[in-house]
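No hydrogens, no waters, no symmetry mates; every other heavy atom, side chains included, goes into these values. Just so we're clear, the structure is a prediction, and the values are computed from it rather than from any experiment. Throughout, numbering of the chain's residues begins at 1 and tracks the sequence.
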Amino acid sequence: MNKLNFYWIDAFTTAKFGGNPAVVVLSQEPLPKQLMQSYAAEFNVSESAFVWPLEKDEEGNKYSLKWFTPVTEIELCGHATLASTHAACDFFGLSKITFSTASGEIKVSNKQGVIQMVMPRLDVDPLDKTAKDYELIISAIDQNIVAIHKSKTKYLVELETEKCVVNTVPNLTVIKSLERNGVIITAKSETTNHDFVSRFFAPKMGVNEDPVTGSAHCSLAPYWSQKLNKTEMVGAQLSQRGGEIAVKLTDNTVEMKGRCTMLFSGKN
């Protein structure tokens, strides 16, 4: 029988009910996709993660990792990867893991509660001003926009000030109609503690506003690295729950560090 272990974890935070919640399900064997989707809909957090062991790699710790929102499977999720690392290291007694995912292999480590993830670098390109979504984004954000860029799955919109990011009340109906899955809004930080700030909206994926988004920082890191001439930065996500992500940019990856807080665990 494939017994399941459940972890409810707040990621990118050291405080309960902060950061971004994720549910991690650990199993010994693969689960059917529809069952994972049903669990994710029932948990109803921005992302649920499902982990099970694969063949051994040179370090002996290779696991499958899949992510689901309440409505669909997704290709990449940072905070649920952080939470999965916390859960798998706790349950299996590991300090290093290689996750096999829809976005390739992600190597993670847990050193005294500080989790490091090597995530893919997702650079952005300017969005053509003649594109249909360009004017839709302007109408949906209704703030002073500096530039609009696009990655494979998201739009990145730089706003004039941090205050603009805080005050944005987006038109989620318009954002849901866009070609890509979500919109990142961002600006240079006005504090010395952070280099940039952001928020992320993905109503098409069943997440109106994501509290803290690791996958968004896969694009935010190279974007702000070029503008600030820095490879190591700290971003603050200004959602209601809030959180921060330390990033380090390399040629092909974005290294992220963060902590997790477990609310509870159980088994079935």
Criterion side-chain contact (heavy atoms from CB on, under 4.5 Å) on D123 and S219, from CA distance to verdict: CA-CA 5 Å; D123 289 87; S219 294; over 6 Å; no
E255 and Q116: CA distance, side-chain angles, deciding distance, side-chain contact (heavy atoms from CB on, under 4.5 Å) verdict: CA-CA 7 Å; E255 297 178 9; Q116 178 171 306; 3.7 Å; yes
CA sep, side-chain torsions, deciding dist, call: F6, F264, ring-ring contact (aromatic ring centres under 6.0 Å, His included): CA-CA 8 Å; F6 301 84; F264 53 82; 10.0 Å; no
Intermediate values then yes/no, side-chain contact (heavy atoms from CB on, under 4.5 Å), V118 and E105: CA-CA 9 Å; V118 182; E105 288 192 348; over 6 Å; no
Salt bridge (charged side-chain N to carboxylate O under 4.0 Å, His left out) evaluation trace for K188 with E158: CA-CA 9 Å; K188 184 178 178 181; E158 183 185 351; over 6 Å; no
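S27 contributes a side-chain N or O that, together with a main-chain N or O of E29, makes up a donor-acceptor pair within less than 3.5 Å. The main-chain N or O of T261 is never found under 3.5 Å from a side-chain atom of H86 such that the two would form a donor-acceptor pair. R241 contributes a side-chain N or O that, together with a main-chain N or O of G18, makes up a donor-acceptor pair within less than 3.5 Å. T186 contributes a side-chain N or O that, together with a main-chain N or O of V197, makes up a donor-acceptor pair within less than 3.5 Å. N181 places no side-chain N or O within 3.5 Å of a backbone atom of K154 that could act as its donor or acceptor partner. Counting only distance, with no hydrogens or angles, the side chain of R180 and the backbone of S151 share a donor-acceptor pair below 3.5 Å. Remark: the backbone N or O of P70 is paired with a side-chain donor or acceptor of Q37 at under 3.5 angstrom. Under a 3.5 Å cut-off, the side chain of E190 and the backbone N or O of E162 do form a donor-acceptor pair. Judged by distance alone, the side chain of D133 and the main-chain N or O of L136 form no donor-acceptor pair under 3.5 Å. Looking only at distances, a side-chain donor or acceptor of R199 sits under 3.5 Å from a matching main-chain atom of V166.
Between F68 and F43, the distance separating the two ring centers is not shorter than 6.0 angstrom.
Cluster membership for I141 and V207, using ILVMFWY side-chain heavy atoms within less than 4.5 angstrom, is not shared. Both V254 and M117 are members of a single hydrophobic cluster when ILVMFWY side chains are connected at heavy-atom separations under 4.5 Å. The hydrophobic clustering, which links ILVMFWY residues whose side-chain heavy atoms are closer than 4.5 Å, places I138 and V165 together. Put simply, V51 and I74 are part of the same group of oily side chains (I, L, V, M, F, W, Y) that touch within less than 4.5 Å, one to the next. When hydrophobic clusters are built by joining Ile, Leu, Val, Met, Phe, Trp and Tyr residues whose side-chain heavy atoms come closer than 4.5 Å, directly or via intermediates, I184 is not grouped with V157.
Contact check for Y7 versus V23: no side-chain heavy atoms found under the 4.5 Å cut-off. In this structure, K152 and E75 have side chains that are in contact, with non-hydrogen atoms separated by less than 4.5 Å. The shortest distance between side-chain heavy atoms of L94 and Y63 falls below 4.5 Å. Proximity of L122 to L76: side-chain heavy atoms (C-beta onward) are separated by under 4.5 Å at one or more points. By the 4.5 Å heavy-atom criterion applied to side chains, P21 and E47 are not counted as neighbours. Between V25 and N5, every side-chain heavy-atom pair lies at or beyond the 4.5 Å cut-off. Between C89 and K96 there is no side-chain heavy-atom pair separated by less than 4.5 Å. Side-chain contact check for W224 versus D195: every heavy-atom pair is 4.5 Å or farther apart.
By the ring pair (Phe, Tyr, Trp, His ring centres under 6.0 Å) test, W52 pairs with no residue at all, sequence neighbours left out. Here H149 pairs with Y223 under the ring pair (Phe, Tyr, Trp, His ring centres under 6.0 Å) rule; sequence neighbours left out.
For the 3.5 Å distance criterion, the side chains of D128 and T130 qualify, holding a donor opposite an acceptor. Judged purely by distance below 3.5 Å, without hydrogens or angles, the side chains of T72 and T69 never pair a donor atom with an acceptor atom. In summary, the side chains of N20 and D210 do present a donor paired with an acceptor at a separation below 3.5 Å, with no hydrogens or angles considered. Under 3.5 Å, the side chains of T213 and S215 contain no donor-acceptor pair of N or O atoms. Checked by atom type, the side-chain pair T101/W67 shows no donor-acceptor distance below 3.5 Å. K107 and T98 share a donor-acceptor pair across their side chains, judged by distance under 3.5 Å alone.
For CD of Q240, the number of neighbouring non-hydrogen atoms (other residues, nucleotides, ligands) closer than 6.0 Å is 12 at most. In the displayed structure, N167 atom CG is contacted under 6.0 Å by more than 12 heavy atoms of other residues, nucleotides or ligands.
Test H217, E244, H194 against Q237 for side-chain contact (heavy atoms from CB on, under 4.5 Å) and you get one pass: H217.
Rounding to the nearest 0.5 angstrom, the gap separating the CE atom in M233 from the OG atom in S225 is 4.5 Å.
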